[in-house]
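In what follows, every heavy atom counts, from backbone to side chain, and hydrogens, waters and symmetry copies are set aside. Ligands are counted one by one from 1 in listed order, and the atoms in each one are counted from 1 as well.
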Amino acid sequence: MPKLRQNPVTGDWVVIAPERAKRPDDYILPKPVSKKKTLEFCNFCENGEAYNERIEGAGTKNVYVVDNKYPTFVSKEAIILDAGKIYYSQKSIGAHEVIVLKKHEKDLEEIPVSEIDELFNVYQKRITFHKKNPIIEDVMPIHNHGAEAGESIEHPHSQFFASSVIPNNILKELTGAEKFYRDEKKCIFCEIIKEEKRIGQRMVTENEDFVAFCAYAARVPFEMWILPKKHLENFDQLNSASRFQLAKIFQETLLKLYKGLNDPPYNFFLHDNLCQKNHSAGFYHWHLEIMPRLSRFGGYELGSGVIIDVVSPERSAEFLRKVKV
Ligand SMILES: [Zn+2]
Ligand SMILES: [Zn+2]
Ligand SMILES: [Zn+2]
């Protein structure tokens, strides 16, 4: 039977309808032809155009940062606004950067854990940098892997968005988490961790400092959340020892996807709360969300905003737990 499930943070509904499809292993892709990527001229490689314009002091040994050539958010206020009686627009102020891993031919599951740690370190550095700007309301590092996930340049890279508005999904999370905190005097994310550990059915893996599990109201098959066990509001508060634990569990989850499903396309994004200046602190808990892109949305999803997921998170988790990495 299909089941409606509600995301405990945002209040969003999803329908888990496994009888419409499929078993988790129906999503295993044909074996990837070769992991060797084409090494023709690439702007992101050393001495390419992007590399030569990298932001001084923003990167680490194996990771550099450059402004996005076609930014979504800009620092200059040169945008003409249109508005009317009911229409409202606002300047798209902020920053949009590209965070590039120097090695062209290796994906995140193949590089040393220390280099994933460097990538997260650069996320932290960019968050710390941009949140000093009083106009910035949100920061969000994201990563696209595979063409179906919106990757346009095959050289591995993340993108960093800093915006002067709180994005829709973050606003929903902040509102929901704040309400829960007001009503229950507890952090909703800490409660989610407790509940996932108690139930165990959706757990994928854990280590000293982190848990990775399939989300209760997953929007897509194999959607995973990674949360720090210790309540921590901001990602840039994470110390280097814990950050290394994060790099480890993160690579383990990617390897499970890679080996279990044969290199599926995916997106991941980091949700952080920058808005202490506007929102009372205490109720938010940063986290990573990983969304494999193995299903497509149809008209009902677009029309209703209610997503139908045809693999239950419990079966997704069971499948991923069994993948040896
Ligand atoms: Zn390259
Ligand atoms: Zn918490
Ligand atoms: Zn989130």
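You'll find the ring centres of Phe73 and His96 outside the 6.0 Å limit. Here Tyr284 and Tyr181 keep their ring centres 6.0 angstrom or further from each other.
For Arg321, the salt bridge (charged side-chain N to carboxylate O under 4.0 Å, His left out) test picks out no residue, with sequence neighbours left out.
Per residue His104, closest N, O or S atom to the Zn ion (ligand 1): atom name ND1. Within His285, the N, O or S atom lying nearest to the Zn ion (ligand 2) carries the name ND1. The atom name of the N/O/S atom in Glu173 closest to the Zn ion (ligand 3) is OE2. Nearest N/O/S atom of His231 with respect to the Zn ion (ligand 2) is recorded as ND1. Among the heteroatoms counted here (N, O or S) of His155, ND1 is the one nearest to the Zn ion (ligand 1). Checked against the Zn ion (ligand 3), the N, O or S atom of Glu289 at the shortest distance is OE2.
Computed with the Zn ion (ligand 3) at the centre, the His271 ND1 to His287 NE2 angle is 110°, stated to 10 degrees. The angle Cys190:SG - the Zn ion (ligand 2) - Cys187:SG amounts to 110°, with values rounded to 10 degrees.
For Arg293 and Tyr266, the positive end is not near the middle of the six-membered ring at less than 6.0 Å and at most 45° from its axis.
As a member of the Ile/Leu/Val/Met/Phe/Trp/Tyr network built from side-chain separations under 4.5 Å, Val100 groups with Phe44, Tyr51, Tyr64, Val66, Val98, Ile153.
No side-chain heavy atom of Lys194 sits under 4.5 Å from any side-chain heavy atom of Lys197.
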